[in-house]
Structure formats: C-alpha cells, structure tokens
Protein chains: 2
Amino acid sequence: MRSPADLTAAFRQQGLKITPQRQLIFRLLHGNEEHPSAEALYELASAQMPGISLRTVYQTLTDLASMGELQVLSLAPGAQRFDPNVTDHHHARCNDCGQLRDVYVERMLDIEVHGLDGFQPDGAAIVFTGLCDVCATTRPSADLHQHTNNSK
Amino acid sequence: MRSPADLTAAFRQQGLKITPQRQLIFRLLHGNEEHPSAEALYELASAQMPGISLRTVYQTLTDLASMGELQVLSLAPGAQRFDPNVTDHHHARCNDCGQLRDVYVERMLDIEVHGLDGFQPDGAAIVFTGLCDVCATTRPSADLHQHTNNSK
DNA sequence: CTCGCAATCTGCAACTCGTGCAGACAATCA
DNA sequence: TGATTGTCTGCACGAGTTGCAGATTGCGAG
Ligand SMILES: [Mn+2]
Ligand SMILES: [Mn+2]
Ligand SMILES: [Zn+2]
Ligand SMILES: [Zn+2]
C-alpha cells in the first residue's frame with residue numbers, strides 16, 4: 001500500500017473525496033504488518049476518532065482492495081484479514097493465537113506440480129501453519145496437530 | 001478418509017453409535033473429490049434421505065474432522081469445504097466458479113523460506129488460483145503470470 | 001425380545017461476519 | 001455561500017455455523 005499522501009492523491013484523482021475517516025484508516029494501515037481484521041482496525045480507529053462507524057471501515061477497506069492497494073486474506077475461519085503488503089509474499093499462521101506473519105519464499109519455480117492439467121493459474125499462495133514464537137514457549141512444544149483455537 | 005465399513009468399525013470402537021444418517025454421509029464422502037460444502041452434502045443427503053437435518057450433516061462432519069478422517073478447508077470467503085482426501089496434497093481454486101481440485105506438489109523442500117525465525121511450522125498448504133478449464137473457455141483468457149510452471 | 005439409558009437427531013434460536021439501504025452529513029467547487 | 005454529489009452512520013438483513021432442548025433411537029443388559 002502506498003503512503004497516506006500518495007493515497008490521498010490517488011483518491012482525489014479518481015474523483016473520490018478525502019475525508020478524515022479515510023485519512024485515519026490510511027495512516028493505521030500504512031506499514032502495518034499485523035494483518036488486522038476489520039474489527040481490529042475499527043478498535044484502533046475508534047480510539048482516535050470516537051464515533052467512526054464499523055461500516056465505514058469496511059467500506060474503505062473494500063475501496064482500497066479494489067484499487068489494489070491491499071489484499072484481503074481468507075486463510076482460516078473467522079474474519080478476513082487485510083494486508084497492505086502487496087509485494088509477492090506468503091504467510092505463516094499460528095494455530096493457537098491466529099497471528100499471521102509475512103514469509104518470503106524463493107525458488108518457488110523449483111517445485112514440481114501435478115494435476116493442474118487444463119487449469120490456468122494466475123498465482124499461488126503458501127500458508128505455513130504451526131506455533132508462533134510466543135505460543136510455542138507458552139505451550140511446551142507439545143502436540144503439533146489437533147489444535148485449532150482462534151484468537152478473539 | 002477410510003471406507004464406510006472401516007469408519008463404522010472405528011465409530012463403534014469409540015462408543016459412537018451407527019445411525020443411518022452417519023452411514024449415508026460416510027458413503028457420500030468416500031472417494032468424493034469435489035470438496036463439497038456442508039450445504040452441498042446436505043442436498044445430496046436429502047435426495048436419499050428426505051428429512052435429514054443440516055445440523056446432523058454439520059455434526060457428522062465435525063466428528064469426522066476431529067477423528068482426522070477429513071480435513072476442513074477455509075481457502076476463501078464463504079462456506080468451508082470438506083476434504084476426505086487426507087493424503088499430502090494441495091489445491092487449485094477457480095476464481096470464477098470456486099471449484100477446488102487436488103494438486104500434488106513435489107520437491108517442496110527445494111524452496112527457500114525467509115522470515116520463519118522462531119515460528120515452529122507443522123505444515124504448509126499451497127493454493128493455486130486461476131481459472132478452471134471450464135471457466136477458462138467460457139471467459140476470455142487473461143494473460144497469466146509465470147508463478148507456476150513445471151506441470152507434468 | 002423387550003427395556004432403559006445414553007447418544008443422537010431435529011428444529012430453532014442465536015451468533016459472527018459482512019453487505020444493502022436510506023437519510024443525515026460534509027467535501028468540493030462555482 | 002450554496003449546490004452538488006459522494007460519504008458516513010445506523011440498522012436491517014443474509015450467509016454460514018453453533019448452542020440448546022426436547023423427541024427419537026441405537027444398542028447393551030436382562
Ligand atoms: Mn502479509
Ligand atoms: Mn483435496
Ligand atoms: Zn501464537
Ligand atoms: Zn471455474
């Protein structure tokens with residue numbers, strides 16, 4: 001996602017208005033690596049702008065996504081996550097707390113794929129599952145399967 | 001997922017009862033490669049057993065999943081998909097119709113991963129996106145990137 | 001084979017996440 | 001400053017899934 005200033009210009013150029021709500025959301029997202037949900041962003045936004053509507057947060061996120069400024073991730077049950085990082089990258093998801101972190105993968109083309117016959121791929125996403133550093137120490141590196149808890 | 005007969009034995013062994021509803025669902029899932037949603041399975045089941053409850057379908061799916069007989073896929077917004085194929089495999093998802101197909105990937109270990117520091121992975125899932133054969137011919141084909149070649 | 005209990009099934013309410021809608025509101029520009 | 005849109009907000013609604021309770025039934029004991 002581009003900087004708040006660049007986004008402001010881009011919105012203006014498209015005939016979209018610059019509102020304090022949008023500007024706030026631009027700021028909250030810029031450089032944000034937490035892959036927040038709409039609700040999470042709403043909480044952040046509400047702290048700085050009491051009265052802002054969750055509907056507005058959703059609307060702005062949708063606008064940004066359709067402008068290609070952020071990607072929407074649906075990697076697990078529950079709320080979608082929004083990612084202002086639109087570079088080519090992948091994710092690791094904690095089975096315990098749901099945290100998402102960025103992962104960069106190289107030599108993807110070295111893999112051998114069977115069964116795509118007739119399918120025209122335009123991309124591939126890798127999601128690593130496991131335990132994040134925090135949850136790994138909290139829980140003695142026990143069972144590596146079976147748990148599917150979600151964060152709240 | 002094992003055969004209906006094997007599952008029947010497994011359920012009995014765990015003190016779970018064998019009901020006609022469960023047996024029907026075993027049969028509908030065995031060898032099913034369509035990655036159906038709960039609703040889709042409910043439709044199939046209703047055809048053979050009018051009056052069966054959607055709730056029961058969900059319940060049985062949850063039971064099977066917690067026994068490790070099937071995996072639950074949340075790869076996109078919308079309903080979860082259920083996969084009786086628990087071998088090591090991956091998926092390709094059509095952007096147009098949502099169809100999921102199995103994909104087998106080899107030489108995964110050849111990839112180079114950065115950013116996992118401290119994260120303890122227990123698995124990785126690849127999802128290819130694009131157009132399935134049907135939708136690709138229906139629609140004008142958009143030019144693809146080179147993310148995924150090496151098909152065999 | 002019948003009985004009785006616990007597991008299961010069913011229908012419905014409730015819940016989460018997201019979208020549609022309409023009227024109040026406000027950014028922009030003449 | 002006023003007119004013109006686009007935007008914001010609050011609420012209703014919809015999809016997907018789970019919680020609950022009463023009716024039903026599998027199945028082991030007798
Ligand atoms: Mn990311
Ligand atoms: Mn599969
Ligand atoms: Zn964690
Ligand atoms: Zn398709």
Side-chain angles (χ1 to χ4, degrees), chain A residues 4 7-26 28 35-43 45-46 48-67 70-82 98 148-152, chain B residues 4 7-26 28 35-43 45-46 48-67 70-82 98 100:
Chain A
L7 287 177
T8 296
F11 266 59
R12 277 231 167 77
Q13 188 190 328
Q14 293 202 11
L16 302 174
K17 293 177 178 171
I18 302 305
T19 67
Q21 291 87 347
R22 281 175 174 171
Q23 288 179 314
L24 171 56
I25 295 171
F26 293 169
L28 292 176
H35 306 88
S37 64
E39 275 280 342
L41 277 168
Y42 171 64
E43 298 299 338
S46 294
Q48 292 192 230
M49 185 185 285
I52 189 174
S53 160
L54 174 59
R55 192 69 185 81
T56 297
V57 174
Y58 270 109
Q59 234 147 234
T60 304
L61 288 170
T62 300
D63 291 343
L64 287 169
S66 67
M67 290 172 64
L70 56 80
Q71 53 176 318
V72 186
L73 304 176
S74 296
L75 307 180
Q80 298 176 329
R81 305 294 208 89
F82 297 87
T148 325
N149 296 350
N150 280 1
S151 57
K152 244 192 305 194
Chain B
L7 287 178
T8 296
F11 266 59
R12 277 228 169 79
Q13 187 191 328
Q14 295 203 9
L16 302 175
K17 293 178 178 173
I18 302 305
T19 67
Q21 290 89 346
R22 281 174 173 172
Q23 288 179 314
L24 172 56
I25 294 170
F26 293 170
L28 292 177
H35 306 87
S37 65
E39 274 281 342
L41 277 168
Y42 171 64
E43 298 299 337
S46 295
Q48 292 190 232
M49 184 186 286
I52 190 175
S53 161
L54 173 60
R55 193 70 186 79
T56 297
V57 174
Y58 270 109
Q59 237 147 231
T60 304
L61 289 170
T62 300
D63 292 343
L64 287 168
S66 67
M67 291 172 64
L70 56 80
Q71 53 176 319
V72 186
L73 304 176
S74 296
L75 307 181
Q80 297 176 329
R81 304 296 208 87
F82 296 87
L100 287 181

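Naming convention: chains lettered A, B, ... in sequence-line order (proteins, then strands); numbering from 1 in each chain.
- Judged as a side chain to side chain contact (heavy atoms under 4.5 Å, CB included), and not counting sequence neighbours, the contacts of A/Gln14 are A/Leu16, A/Met67.
- Considering only heavy atoms from C-beta on, B/Phe82 comes within 4.5 Å of B/Val72 through its side chain.
- The side chain to side chain contact (heavy atoms under 4.5 Å, CB included) check on B/Glu43 picks up B/Glu39, with sequence neighbours excluded.
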Which pairs, protein N/O on one side and nucleotides 9-11 of chain C N/O on the other, fall under 3.5 Å?
{"from": "C/dC9", "atom 1": "OP1", "to": "B/Thr19", "atom 2": "OG1", "distance (Å)": "2.6"}
{"from": "C/dC9", "atom 1": "O3'", "to": "B/Gln21", "atom 2": "NE2", "distance (Å)": "3.1"}
{"from": "C/dT10", "atom 1": "OP1", "to": "B/Gln21", "atom 2": "NE2", "distance (Å)": "3.4"}
{"from": "C/dT10", "atom 1": "OP2", "to": "B/Ser53", "atom 2": "N", "distance (Å)": "3.0"}
{"from": "C/dT10", "atom 1": "OP2", "to": "B/Thr56", "atom 2": "OG1", "distance (Å)": "2.4"}

Show each protein N/O and nucleotides 14-16 of chain D N/O combination with a separation under 3.5 Å, one pair to a line.
none

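- Note: CG (A/Leu73) to P (C/dC17) measures 16 Å, nearest angstrom.
- Put simply, CG on B/Leu24 is 17 Å from P on C/dT8, counting in whole angstrom units.
- Side-chain atoms of B/Thr60 and B/Thr19, non-hydrogen and from C-beta on, never get closer than 4.5 Å to each other.
- Considering only residues two or more places apart in sequence or on other chains, A/Phe26 meets the ring pair (Phe, Tyr, Trp, His ring centres under 6.0 Å) condition with A/Phe11.
- Among residues at least two apart or in separate chains, salt bridge (Lys or Arg N to Asp or Glu O under 4.0 Å) pairs with a member in residues 51-67 of chain A are A/Arg22-A/Asp63.
- With sequence neighbours excluded, no residue forms a side chain to side chain contact (heavy atoms under 4.5 Å, CB included) with B/Thr62.
- Here the shortest heavy-atom pairing between B/Ala38 and B/Leu54 reads O-CD1, 4.1 Å.
- By the side chain to side chain contact (heavy atoms under 4.5 Å, CB included) test, A/Ala40 pairs with A/Pro36, A/Ser37, sequence neighbours left out.
- With sequence neighbours excluded, no residue forms a ring pair (Phe, Tyr, Trp, His ring centres under 6.0 Å) with B/Tyr58.
- Taken residue by residue, residues 7-17 of chain B places heavy atoms nearer than 4.0 Å to DNA chain C at B/Leu16, B/Lys17.
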